[in-house]
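Beneath this line is the structure, given in structure tokens, with notes to follow.
Protein chains get the first letters and strands the later ones, always in sequence-line order, with residue 1 at the start of each.
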Amino acid sequence: MAISIALSVILLLGVEQLRTQARENFSQSISGTDLVVGARTSPIQLMLYAVFRLGDATHSIRWASFQAIAQHPAVAWAIPISLGDSHRGFAVVGTTPAYFKYFRYADGRSLAFSAGGPFGDIFDAVIGADVAEQLGYHLGDHIILNHGAKDIGLAQHADKPFQVVGILKRTGLPVDRSVHVGLEAIEAIHLDWQGGAPIAGLSIPAEYVRKFDLNPKELTAVLIGLKSRVGVFQMQRFINQYRGEPLLAVLPGVALDELWSVVGIVENSLLIISALVVAVGLSGLVAVVLAGLGERRRELAILRSVGAGPRVVFMLLAIEGLIIVVVGSLLGLLGLIALSHFAAPFLQAHLGISLTAGLISAEAWQLLLLVMATGFLVSLVPGYRAYRISLADGLTPRL
Amino acid sequence: MNRSGMGRSGVSEFVIDIENLVFQWPGRNGFRLSIPQFKVKPGERIFLQGASGSGKSTLLGLLGGVLLPQPCRLRVLDTDMTALTSSARDRFRVDHVGFLFQQFNLVPYLSVRENVLLPCRFSPRRRQRSLEAAGTNAANALEQSADRLLAQLGLDAALARQPATALSVGQQQRVAAARALIGHPELIIADEPTSALDSDRQAEFLDLLLERCENENVTLIFVSHDERLAQHFTRSIHLNELRG
């Protein structure tokens, strides 16, 4: 009995925990950035691909636009980001060393290296903690990038291997699952490519790429930090009205809120479903206790004979139900903690959600208390039934 | 009989004192029990014979204070049952009366000893009396008292910690007898406690129960339909004789 309540509590709290953790992760990954800039699209889409590496960019932005933004007097720092390639399922991020210097997340933390340092040479790569851990990479290892986001085998930049020069500490952000290279490197590996495929008969060996113009021409997005947050709307207007090409600047917080309002419907349906599962568990409890009462009429009569009044009988049965609910709820809580402990690596790897195992949010505690309170209320039903039985039976149960 | 310390004024000569009692179960065809007169003196051991449907359960409910008759004289241990509130009657029942039932007399999820001590949980008076009976101030005086009672009823002390369900029917009835006797209630009401036992066990159990009641000077109302048992009691009454 307690088990079915435990399972339903696991479901309820699990959904709640996933929900809050996902939100927290999303908002943490961008908390240090004032504006995200990309080609004109929907704000949510821009956030998804530029920050969370979900989906693909539809358009790119010109290098000249980046320069115009970066040199704006209100801008403290600007990080260019060029996406599109991948390495064994992990996104490749073309950027500049500014990324490691200025990127801020959570409560103003910056990226830190667990080994090595930022990239210096063209074919240097800095990998996130998950990339290093899952692929077993160390400093000095050589890696080959894939063209495009999907690992389809053939379209590899096999002629231009990269060397791992830095490994970042774990952040719990998409950064952990990214391979960072210089913007010049992105240009270099695509020198002999056109329209998503190697140009037949043309192959430029890695030694010679430096002879070419490797200045970046296109970007996917720009992350901007302002000198003062007060000027954020002014800056946003400046970018949105930029004459060179259609651009979009979004405030990450606003875009995230918009995202949650879309995702919220799904979240709430999930919560409602799990609440229903809890309701089923609790009504199962009531049904079982009620069904058992018939066989316990003698027990009730014995209790009456030793001085228990009908109200005591009522309380005994209600408390019995409450104990089952409390035990079930606590079992569920323990189960959830154990489960999130074991599921955390999986969720991190496949959904990018980092679960802080054992940390139950205030909302989850409230839900748990709500379950227990409801459990007590429904336990009043068998309590009342026992009260009626003991009044009717007295000392001689009718069997 | 030592009635001192009970804090009740006016010593009555009867443990049970009924006059003009009428009880009607609700409903148009509800069972009706009327008893013009029924008096039991202290220390009596009454054999009350009655077929099923003759009103035994109703009489037990009235004596135990679970049922309330129409206004009449219904005094148990010189207490007017009709004047007590229902919770006062619950309290009175556990303070002064021990009950013994047919079978399945024990609470299944409690141990043998816990079953015996059940009345002490609800009645400070019986708790106090069983502590006095233990004659020691040890922390487990209550348990000792229960174990001694079990031993007097021929049950091994090793059984005390067993779950109640592990016992045979005969053993269970002895545990129930110990529960009825603990804390020295003045009156014991037994409702066919031997009907589930075979005749050898029946005689054995009856001897033990009567012996305990005699030793402790407890008044006993023993309800049964088996008239062969009547010879062991000081008085035998047929319920039909009582009814008016």
Query raised in the report: Do the charged groups of B:Arg73 and B:Asp80 touch, with an N to O distance under 4.0 Å?
Result: no
Query raised in the report: Going by an N to O cut-off under 4.0 Å, is there a salt bridge joining B:Glu132 and B:Arg129?
Result: no
**Report entry** A:Arg304, part contacting chain B, at a heavy-atom distance under 4.5 Å
**Finding:** both
Report task. Please work out which of the three classes, parallel, tilted or perpendicular, describes the rings of B:Phe92 and B:His96, given edges at 30° and 60°. Result -> tilted
Report summary line: Most heavy-atom pairs under 4.5 Å with chain A, out of B:Val107, B:Asp90, B:Val94, belong to B:Asp90
Query raised in the report: Does any heavy atom of chain A fall under 4.5 Å from the side chain of B:Arg89, the backbone, both, or neither of them?
Result: neither
Query - Contact origin within B:Leu67 toward chain A - heavy atom pairs under 4.5 Å - result: neither
Report task. Under 4.5 Å, counting heavy-atom pairs only, tell me which of A:Leu391, A:Leu303, A:Leu395 racks up the most with chain B. Result -> A:Leu395
Query raised in the report: Would you find more than 12 non-hydrogen atoms of other residues, nucleotides or ligands less than 6.0 Å from A:Phe314 atom CZ?
Result: yes
Report task. Find the distance between CG (A:Leu11) and CG (A:Leu339) and round it off to the nearest 0.5 Å. Result -> 10.5 Å
Requested in this report: Heavy-atom distances under 4.5 Å only: say whether B:Pro108 touches chain A with side chain, backbone, both or neither.
Outcome: side chain
Requested in this report: State whether the number of non-hydrogen atoms from other residues, nucleotides or ligands found under 6.0 Å of B:Arg127 atom CZ is greater than 12.
Outcome: no
Requested in this report: Give, as side chain, backbone, both or neither, the part of B:Asn115 having an atom under 4.5 angstrom from any heavy atom of chain A.
Outcome: neither
